[in-house]
Amino acid sequence: MQLSVVVPCYNEEESVPMLVDRLVQAIEPWADEAEIILADDGSSDETWAAIEAAHRRYPVVRGIRLSANRGHQVALTAGLEAAKGERIFMLDADLQDPPEILPDMMMMMDRGYDVVYGRRAERQGETLFKKATAYLFYRFLNTLSDVEIPKDTGDFRLVSRRSLDAVLAMPERARFIRGMFAWAGFKQIGLEYVRDPRVAGVTKYPFRAMLRFATDALTGFSTKPLKMATRLAFLSLYVTFLMAVYVFLSLVLHNTAPGWASMLLAISFFSGIQLLTLGIMGEYIGRLYMESKQRPMYFVAEETGASDGPAVPQNLREPLRREAS
Ligand code: UDP
Ligand code: MG
């Protein structure tokens with residue numbers, strides 16, 4: 001198998017038919033040795049039916065349906081784990097990333113690159129808020145994180161088998177896939193493209209999901225926020241010292257200290273810092289806890305077009321069999 005295409009789909013019933021049409025066109029030169037894997041992330045609409053229909057229409061299409069909604073990065077991971085190709089192309093279901101760029105990416109890979117990622121030159125049809133937060137996020141992340149994560153990139157990319165295997169060997173559950181590829185190393189290069197608006201449906205990343213994604217990225221690739229607590233402590237010591245000078249002077253000069261203002265200031269300042277520090281520690285401890293549980297990231301509920309039978313995990317098959325008997 002030369003090429004695997006992996007697409008996470010969550011409530012994309014409208015996008016799937018268009019997506020598949022354009023993908024089938026784009027992979028034409030490699031069609032004999034290719035597969036398109038659509039990972040349904042526990043959609044609540046007719047996405048799975050759309051995937052099954054796509055499989056009947058084009059046998060290169062395979063579907064995996066997760067047992068519940070696990071989020072973009074896990075759905076993508078499920079697809080990547082199912083992929084058998086020597087090269088793996090991943091993109092979003094909403095066609096914001098043009099599949100037509102594939103031949104260019106293939107050409108770059110022929111020149112010896114292991115990862116060819118799409119770099120967004122322009123984003124169309126996205127809110128100013130989304131663009132601004134994305135812009136700030138990638139810059140902030142890079143000042144904090146220990147690996148250089150390419151700016152303004154998504155998971156839209158073509159990767160080689162060995163770089164994918166490296167990423168799949170990383171066992172963390174909180175996944176930030178573009179960062180994991182950056183960390184894995186190998187030769188990487190960006191290819192500029194214009195990010196189109198969604199073809200259908202609405203974004204599956206409300207502000208809450210964006211925030212979770214950003215904290216996963218930060219805590220997954222940097223321990224600097226933890227160390228920030230030390231710096232904050234020094235800062236607060238310094239401020240305390242200044243306040244002490246002020247209190248002492250006012251005591252000597254006016255004989256009265258107008259107490260409550262500075263008291264209030266001090267209390268709110270230090271409790272703020274303490275809460276912040278606790279919060280940062282909490283983020284890491286929470287993640288340690290989640291990782292230590294070692295839960296499987298996802299379960300496959302259904303598959304279509306799998307060549308070697310359903311890969312339903314053992315722990316899911318067990319209760320099913322009991323139900324039947
Ligand atoms: N997605 C997913 N599970 C989720 C949320 C999103 O599989 O819980 C998929 C979605 O179907 C799409 C991709 O992740 O293919 C990116 O989502 P979206 O286009 O909504 O994000 P945006 O482009 O607005 O950042
Ligand atoms: Mg999108």
Side-chain angles (χ1 to χ4, degrees), residues 5-23 36-51 54 61-83 88-99 101 117-138 141 151-157 173-179 193-217 297-302:
V5 181
V6 176
V7 191
C9 309
Y10 178 56
N11 291 349
E12 303 280 7
E13 58 182 3
E14 290 168 87
S15 313
V16 165
M18 285 182 263
L19 167 79
V20 170
D21 283 342
R22 269 177 67 185
L23 268 180
I36 298 174
I37 301 174
L38 304 181
D40 178 358
D41 188 15
S43 298
S44 52
D45 67 355
E46 293 303 309
T47 298
W48 183 246
I51 291 174
V61 174
R62 286 172 56 192
I64 308 172
R65 183 185 201 179
L66 304 195
S67 62
N69 181 235
R70 294 272 186 254
H72 174 200
Q73 300 287 299
V74 172
L76 182 55
T77 303
L80 292 175
E81 283 183 340
I88 302 90
F89 181 50
M90 50 195 108
L91 70 163
D92 285 354
D94 56 8
L95 287 169
Q96 283 195 286
D97 312 319
I101 203 176
Y117 54 83
R119 187 190 282 280
R120 299 156 184 172
E122 200 182 307
R123 290 171 157 233
Q124 294 180 346
E126 289 192 282
T127 60
L128 196 63
F129 178 72
K130 176 109 189 178
K131 285 187 214 173
T133 48
Y135 180 88
L136 289 174
F137 169 64
Y138 285 108
L141 179 62
K151 296 182 188 71
D152 308 315
T153 63
D155 294 315
F156 181 39
R157 56 189 60 212
R173 267 111 193 108
R175 298 181 88 74
F176 181 58
I177 290 172
R178 60 204 74 164
Y193 74 102
V194 175
R195 191 153 163 93
D196 295 325
R198 256 183 174 276
V199 285
V202 293
T203 176
K204 310 301 180 310
Y205 267 102
F207 186 62
R208 210 158 25 92
M210 272 163 61
L211 217 56
R212 185 165 357 104
F213 184 67
T215 10
D216 275 350
M297 264 180 280
Y298 60 87
F299 299 110
V300 176
E302 259 173 281

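For ligands, and for the atoms within them, numbers begin at 1 and follow the listed sequence.
Rounding to the nearest 0.5 angstrom, the gap separating the CZ atom in Arg70 from the CG atom in Leu76 is 16.0 Å. Note that SG of Cys9 is 9.5 Å distant from CG of Asp92, once rounded to the nearest 0.5 Å. Put simply, CD on Gln96 and CG on Leu91 are 11.0 Å apart, with the number rounded to the nearest 0.5 Å. Between Ile36 atom CD1 and Phe89 atom CZ the span is 10.0 Å, to the nearest 0.5 Å.
Here the side chains of Tyr193 and Arg120 are in contact, with some heavy-atom distance below 4.5 Å.
In this structure, ligand 1 sits under 4.0 Å from heavy atoms belonging to Pro8, Cys9, Tyr10, Glu12, Asp41, Asn69, Gly71, His72, Ala75, Asp92, Ala93, Asp94, Gln96, Lys130, Arg195, Arg198, Thr203, Lys204, Tyr205.
In this structure a side-chain-to-backbone donor-acceptor pair under 3.5 Å is missing from Thr47 to Tyr10.
Under the side chain to side chain contact (heavy atoms under 4.5 Å, CB included) test applied with His72, the options Asp155, Thr77, Ile177, Asp41 reduce to a single match, Asp155.
The Mg ion (ligand 2) has Asp94 OD2, Gln96 OE1 as its protein N, O or S neighbours under 2.8 Å.
Evaluation of the side-chain hydrogen bond (donor to acceptor under 3.5 Å, both in side chains) rule for Arg65 yields Glu302 as partners, not counting sequence neighbours. For Thr153, the side-chain hydrogen bond (donor to acceptor under 3.5 Å, both in side chains) criterion is met by no residue, not counting sequence neighbours.
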